[in-house]
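From a predicted model like this one, the values you see are computed outputs, not experimental measurements. Letters A, B, ... mirror the listed sequences (proteins, then strands); counts begin at 1.
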Amino acid sequence: MSAPADSIEIQNVVASTGIGQELDLEALATDLPGADFNPDNFPGLVYRTQEPKAAALIFRSGKIVCTGAKSINDVHEALDIIFDKLRDLGIPIEDAPAVTVQNIVSSADLGHSLNLNALAIGLGLEDVEYEPEQFPGLVYRMDDPEVVILLFGSGKVVITGGKTVDDASAAVGLIVDRIDELGLLG
Amino acid sequence: RLRKWQERIRTKDAGERNLQFALSEIDRMASAIGVPRSVREVASVIYRRALNEDLIRGRSIEGVSTAVLYAACRKEGIPRSLEEIAEVSRVERKEIGRTYRYISQELGLEMRPVDPKKYVPRFSSQLELSEEVQAKAKEIIDTTAEQGLLSGKSPTGFAAAAIYAASLLCNEKKTQREVADVAQVTEVTIRNRYQEQIEAMGIPT
DNA sequence: GCTTTAAAAAGTAACGT
DNA sequence: ACGTTACTTTGGAAAGC
């Protein structure tokens, strides 16, 4: 049996951290190979790691945003690479700056196709946004866990807005039960 | 506080002053797309509600006017696509869609998805297609929608494909280009929806 | 509200061949 | 009529306009 919960894959993790010290991004942009810095467009310097694949936005304040990682562990690995690069440039950084996971994007497969029209009415039009003229997915905002689920006709779903891996698992379990109760799970 | 009170009066007055402009814009656009007076009345009611709920701050009057007209058309069962509405507005499609979704959520309009069948009479008459073709197109829409083919698909593209298929079946053929033009979708979309619908209807190609 | 980053879902659009 | 690329939606942080 392939339970929907087992099909969950983390697709992106967004996290933030800080090295508690001001940075000279202009200097960093020239000393860090591959760094993208366009202060006219955006105040952050963009640095990408290859393994694990992720992108970091480094700000003058020393705060850093890491996105694109496929797991929380990858976030730490990517940030550790960046911390080491900064240390190599002579910037002192404490051993393990606190990292806060801000958002986790996951995908999953409910295993049955969905009638989104019936689902929009079944879940309650007031809690749902389904505008196929604008986007093919049905947007469902769940209160607990507080996440947003995008449901597609194929039965594939995207869960976002959660801060823990368990949020996605719980959300998938709850939405499957909800849809099943409505008799809309093929 | 006195300041807050004055601010309320100020914004309320500004809103009331702008209400006149909004209603005339709704009227102008409603005439341009040719919808009955009832739609303009529904639109003005929604606009007033949005005004009372202070949903207009940070948005253009033109944008909100266009979005509520779009909503009113749907509520009255005579939907216009976002591109059709955008043609008579100075606001771009994307902004109209965003504003519509915001107003719809905040006012709890509980809009139901557009039924593609609602587009059949208007598109068909623009193509000068018979009642027979229209009935066939509606039948194709109902049958294939029941089989789940409608989920996630744009109502205009779905209707366009059914009209194209029905025109072929009734020997009143219109080209994909002709149907695509009135429905404001691409031939690729018609082709894709048409293939799925024909297969679901069990019609040999 | 905007700007930038990343990633998934599925539909639609706009290119080029 | 293909194929490719790119845009739509969701969420979150960062600094600054």
Side-chain angles (χ1 to χ4, degrees), chain A residues 7-18 22-23 25 36-49 52-71 74-75 78 99-110 113-114 116 129-142 146-163 167-168, chain B residues 57-60 81-83 93-95 97-98 101-102 150-158 160 176 180 183-193 195-196:
Chain A
S7 73
I8 298 177
E9 285 180 51
I10 295 179
Q11 301 292 352
N12 184 22
V13 177
V14 181
S16 59
T17 185
E22 295 259 326
L23 291 170
L25 297 185
D36 286 343
F37 184 44
N38 297 62
D40 292 341
N41 284 37
F42 188 69
L45 178 153
V46 181
Y47 185 75
R48 290 159 227 273
T49 57
K53 192 183 175 207
L57 305 179
I58 304 174
F59 298 88
R60 192 185 48 194
S61 64
K63 294 201 174 172
I64 300 172
V65 170
C66 178
T67 184
K70 292 278 186 196
S71 70
D74 282 357
V75 167
V99 174
T100 306
V101 174
Q102 302 288 356
N103 182 27
I104 295 178
V105 182
S106 304
S107 60
D109 189 347
L110 304 191
S113 58
L114 302 170
L116 300 184
E129 214 176 88
Y130 175 48
E131 292 293 336
E133 188 182 346
Q134 300 183 57
F135 186 69
L138 182 158
V139 182
Y140 180 67
R141 284 161 222 278
M142 189 172 273
E146 196 175 326
V147 298
V148 172
I149 307 177
L150 307 182
L151 299 119
F152 297 85
S154 64
K156 301 272 189 67
V157 302
V158 170
I159 305 93
T160 186
K163 287 185 160 41
D167 283 344
Chain B
R57 268 191 205 175
R59 260 162 263 272
S60 72
S81 67
L82 286 171
E83 20 281 304
R93 194 203 114 122
K94 183 176 167 181
E95 180 60 21
R98 285 190 176 201
R101 279 184 279 129
Y102 175 72
L150 181 56
S151 285
K153 269 66 166 234
S154 116
T156 47
F158 207 80
Q176 293 180 357
Q184 299 262 254
V185 296
T186 64
E187 292 168 271
V188 177
T189 295
I190 291 189
R191 225 171 278 139
N192 292 337
R193 296 306 133 246
Q195 289 297 343
E196 294 175 355

Distance between P atoms of C/dA6 and D/dT4 (Å, rounded): 22 Å

d(CE, A/Met142; C1', D/dT10) in whole Å: 14 Å

Touch class at under 4.0 angstrom, heavy-atom based, for B/Arg101 against every strand present: sugar-phosphate

Nucleotide nearest A/Lys70 (side chain, heavy atoms from C-beta), chosen from C/dA8, C/dA13, C/dA10: C/dA8

Distance test, side-chain N/O of A/Arg141 to OP1/OP2 of D/dG11, below 4.0 Å: yes

Selection from C/dT12, D/dA15, C/dA7 that lies nearest to any side-chain heavy atom of A/Lys63: D/dA15

Rounded distance in Å between the P positions of C/dA7 and D/dG3: 25 Å

Touch class at under 4.0 angstrom, heavy-atom based, for A/Thr100 against every strand present: nothing

Touch class at under 4.0 angstrom, heavy-atom based, for A/Ser106 against every strand present: nothing

Listed nucleotide nearest any side-chain atom of A/Phe135, set D/dT8, C/dT3, C/dA8: D/dT8

Nearest-Å distance once atom C1' is located in both C/dA9 and D/dC2: 24 Å

Which nucleotide in C/dG11, D/dA15, D/dT10 has an atom nearest any side-chain atom of A/Pro43: D/dA15

Touch class at under 4.0 angstrom, heavy-atom based, for A/Val101 against every strand present: nothing

Among C/dA8, D/dA13, D/dG11, the one nearest A/Asn12 by side-chain distance: D/dG11

A/Lys53 side chain near C/dA7 phosphate (N/O to OP1/OP2, under 4.0 Å): yes

Sugar-phosphate, base or nothing in reach of A/Val148, heavy atoms under 4.0 Å: sugar-phosphate

Residues A/Ile58, A/Leu23; criterion side chain to side chain contact (heavy atoms under 4.5 Å, CB included); working and verdict: CA-CA 9 Å; A/Ile58 304 174; A/Leu23 291 170; 3.6 Å; yes

Touch class at under 4.0 angstrom, heavy-atom based, for B/Arg59 against every strand present: nothing

Sugar-phosphate, base or nothing in reach of A/Gly137, heavy atoms under 4.0 Å: nothing

Pair of N/O donor and acceptor under 3.5 Å linking C/dA6 base with A/Thr67 side chain: yes

